[in-house]
Each structure stands twice: as C-alpha cells, then as structure tokens.
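Single-structure report; data block below.
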Amino acid sequence: MSAPLAPSAPTAPLAPPHAPVRAAAPPVTAADLLDFALRTAADAAVIDSLPLDPEGRTWIRLDGPGGSEAWVIGWPPGTGTGWHDHAESQGAFATARGRLKEHSLAVRLPSEGWRSLELAPDLDRSRRLGAGTGRAFGEHHVHEVLNESESEHAVSVHAYYPPLPLIRRFSRTGPVLTLEQVERPADWQ
C-alpha cells in the first residue's frame, strides 16, 4: 500500500518564455550624482526658481536620480557650511553661478566612537569650483564649502544617495577636529 500524497504547495505561474526578465535597478553612483548636478546646474529655469536672500543661504529640494535627494542652494557673499560630513551617503555638487571653494580632508574618518581627533599633517585639500564645474565624493567625506566672494551670490546643486540620514558638524582648531552636533533630516527639511 502506498503512502498518501502530501498536498503540494501552490506554485507561482511561470512567466511566458517571451517575457523580459527585469534586473534590479543598479544603485546610484557618485558619477550619476555628479552628472545630475552638472545638468541641473546648467538648467536656467531650475536655477532661476531659487529665491535669493542677501543675509542667509536659501535652498529648494529636488528629486534626484534613482531615489537620491538633491538641493539647489543659494550662497550670499561670505557664507559657508562649516566642517561637516554626510554620513553613509555619497554625493556630488556643481556650481551653477559664482564660485565656491571646498576645503576637504584626504582621509576617511570613523563613522562613530569618537568626539575629537588629531589629524595627521598633509590631509588638507582645497579646490575652487566655478560655474559649470563640480565634484563627486564618497561616504564620510569631511569638507566645508564657502562662497568667498565679497559681492557675488553663488548658486550650486547638490545630490546625495542614499538620501541623507544625518549630517555631522565639526569644529576645527588647527589639526584637531571635534564633533559638535548631529543633525537629522527634520532639522533641515
């Protein structure tokens, strides 16, 4: 006598042989973010939609490629971000108008477990980014961005993927970098 057959589990219908197989969308790369930032910085309608304030930075949020977040930011003369990073997000920015200066560190900092670090010599980097130029960067990139002009407003486009989970803000005294504040999206949106 044979054993009774166990009920079979339901099966999903097979796709017809002519149906295309869809691959998962590739992650957004820093190069994708830079391409988006440069194209958006060249779009006069988007850049002109940003209200400028002579006293403080202004911004509007955009949807970036592949679920990234992006911002158009206005920089009055003499303004800057201070030292910060974008945690686990990679990013890019491009200058649409004016000229920006970026100071950065050529080292990846630990993501947690410290309040103050003494930096080794020769880690500082600087670059100027005029209209139509940009740069991409990876996770935990520590930098500050400045509009050093005394009279000209600057405008830039920034994109981040994944969307910013937080921004860590630092103070800097000579070679010592100190974590001062952690901001979450609710703090800037």
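Throughout, numbering of the chain's residues begins at 1 and tracks the sequence.
Think of L38 as one node in a network of Ile, Leu, Val, Met, Phe, Trp and Tyr side chains linked at under 4.5 Å; its network also takes in L34. Under a 4.5 Å side-chain heavy-atom criterion applied to ILVMFWY residues, the cluster that includes V176 comprises that residue alone.
P165 approaches P185 most closely through the heavy-atom pair O-CD, 3.3 Å. Annotation for G56 and P76: closest pair O-CG, 3.3 Å, computed over non-hydrogen atoms. Nearest heavy atoms, H158 versus S156: NE2-OG, 2.7 Å. When all heavy atoms are compared, the tightest approach of A30 to G91 is CB-O, 4.4 Å.
Rounding to the nearest 0.5 Å gives a distance of 9.5 Å between CZ of R128 and CG of L146. Between the CG atom in L179 and the OG atom in S116 there is a gap of 9.5 Å [rounded to 0.5 Å]. For the atom pair E144 CD and S104 OG, the distance stands at 10.0 Å (nearest 0.5 Å). Rounding to the nearest 0.5 angstrom, the gap separating the NE2 atom in H103 from the OG1 atom in T81 is 9.5 Å. Rounding to the nearest 0.5 angstrom, the gap separating the CG atom in L129 from the CZ atom in R135 is 7.5 Å. To the nearest 0.5 Å, atom CD1 of residue I47 and atom CG of residue L52 are 10.0 Å apart.
Contact of the V157 side chain with the W71 side chain is not registered, since no non-hydrogen atoms from C-beta on lie closer than 4.5 Å. Side-chain contact between L105 and L177: present, with at least one pair of heavy atoms (C-beta onward) separated by less than 4.5 Å. Between P175 and E118 there is a side-chain heavy-atom pair separated by less than 4.5 Å.
Between D48 and R97 a salt bridge is recorded (basic side-chain N to carboxylate O distance below 4.0 Å). Under 4.0 Å is where a charged nitrogen must lie from a carboxylate oxygen, and between D124 and R172 at least one such pair does. R39 has no carboxylate O lying under 4.0 Å from a charged side-chain N of D43, or vice versa, which leaves the two without a salt bridge. A salt bridge does not link E148 to R99: none of the charged side-chain nitrogens sits closer than 4.0 Å to a carboxylate oxygen.
Remark: the backbone N or O of L164 is paired with a side-chain donor or acceptor of E69 at under 3.5 angstrom. Panel note: side chain H84, backbone G82; a donor-acceptor pair is recorded below 3.5 Å. Side-chain N or O atoms of E139 include none that pairs as donor or acceptor with a backbone N or O of R108 at under 3.5 Å. When atom types are taken as modelled, the side chain of T133 and the backbone of G130 share a donor-acceptor pair closer than 3.5 angstrom. S89 contributes a side-chain N or O that, together with a main-chain N or O of P162, makes up a donor-acceptor pair within less than 3.5 Å.
For the residue pair E180/S171, the side-chain donor-acceptor check at 3.5 Å is satisfied. D32 and T29 form a side-chain donor-acceptor contact under 3.5 Å, judged by distance and modelled atom types alone. Between the side chains of W114 and E112, not a single donor N or O lies within less than 3.5 Å of an accepting N or O.
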CA sep, side-chain torsions, deciding dist, call: V155, L50, side-chain contact (heavy atoms from CB on, under 4.5 Å) = CA-CA 9 Å; V155 177; L50 177 68; 4.0 Å; yes

Walk me through it: do T79 and R57 pass the test side-chain contact (heavy atoms from CB on, under 4.5 Å)? CA-CA 7 Å; T79 58; R57 289 191 307 147; 4.0 Å; yes

Exercise for review: List the steps and the verdict of side-chain contact (heavy atoms from CB on, under 4.5 Å) for S126 and K101.
Suggested key: CA-CA 7 Å; S126 290; K101 184 171 188 181; 4.0 Å; yes

Exercise for the section: Applying side-chain contact (heavy atoms from CB on, under 4.5 Å), run through L33 and Q90 and close with a yes or a no. Expected result: CA-CA 9 Å; L33 297 173; Q90 59 187 337; 3.9 Å; yes

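With sequence neighbours excluded, no residue forms a ring-ring contact (aromatic ring centres under 6.0 Å, His included) with H153. Under the ring-ring contact (aromatic ring centres under 6.0 Å, His included) criterion, H140 pairs with no residue, sequence neighbours left out. For Y161, the ring-ring contact (aromatic ring centres under 6.0 Å, His included) test picks out no residue, with sequence neighbours left out. The side-chain contact (heavy atoms from CB on, under 4.5 Å) search around D53 returns E55, T58, not counting sequence neighbours.
F93 and W75 have their aromatic ring centers separated by at least 6.0 angstrom. Taking the six-membered ring for Trp and the full ring otherwise, the centers of H86 and H143 sit less than 6.0 Å from each other.
A continuous path of ILVMFWY side-chain contacts below 4.5 Å connects L100 to Y160, so both sit in one hydrophobic cluster. Transitive grouping of hydrophobic side chains (ILVMFWY, heavy atoms separated by less than 4.5 Å) keeps W83 and F137 in distinct clusters. In the hydrophobic clustering of this structure, V107 groups with L117; members are Ile, Leu, Val, Met, Phe, Trp, Tyr whose side-chain heavy atoms approach within less than 4.5 Å, directly or through other members. Connection of V145 to I167 is established within a shared hydrophobic cluster, with ILVMFWY side chains joined at heavy-atom distances below 4.5 Å, either directly or through further cluster members. Under a hydrophobic-cluster definition in which Ile, Leu, Val, Met, Phe, Trp and Tyr are linked whenever side-chain heavy atoms come within less than 4.5 Å, directly or via other members, V72 and W59 are assigned to different clusters.
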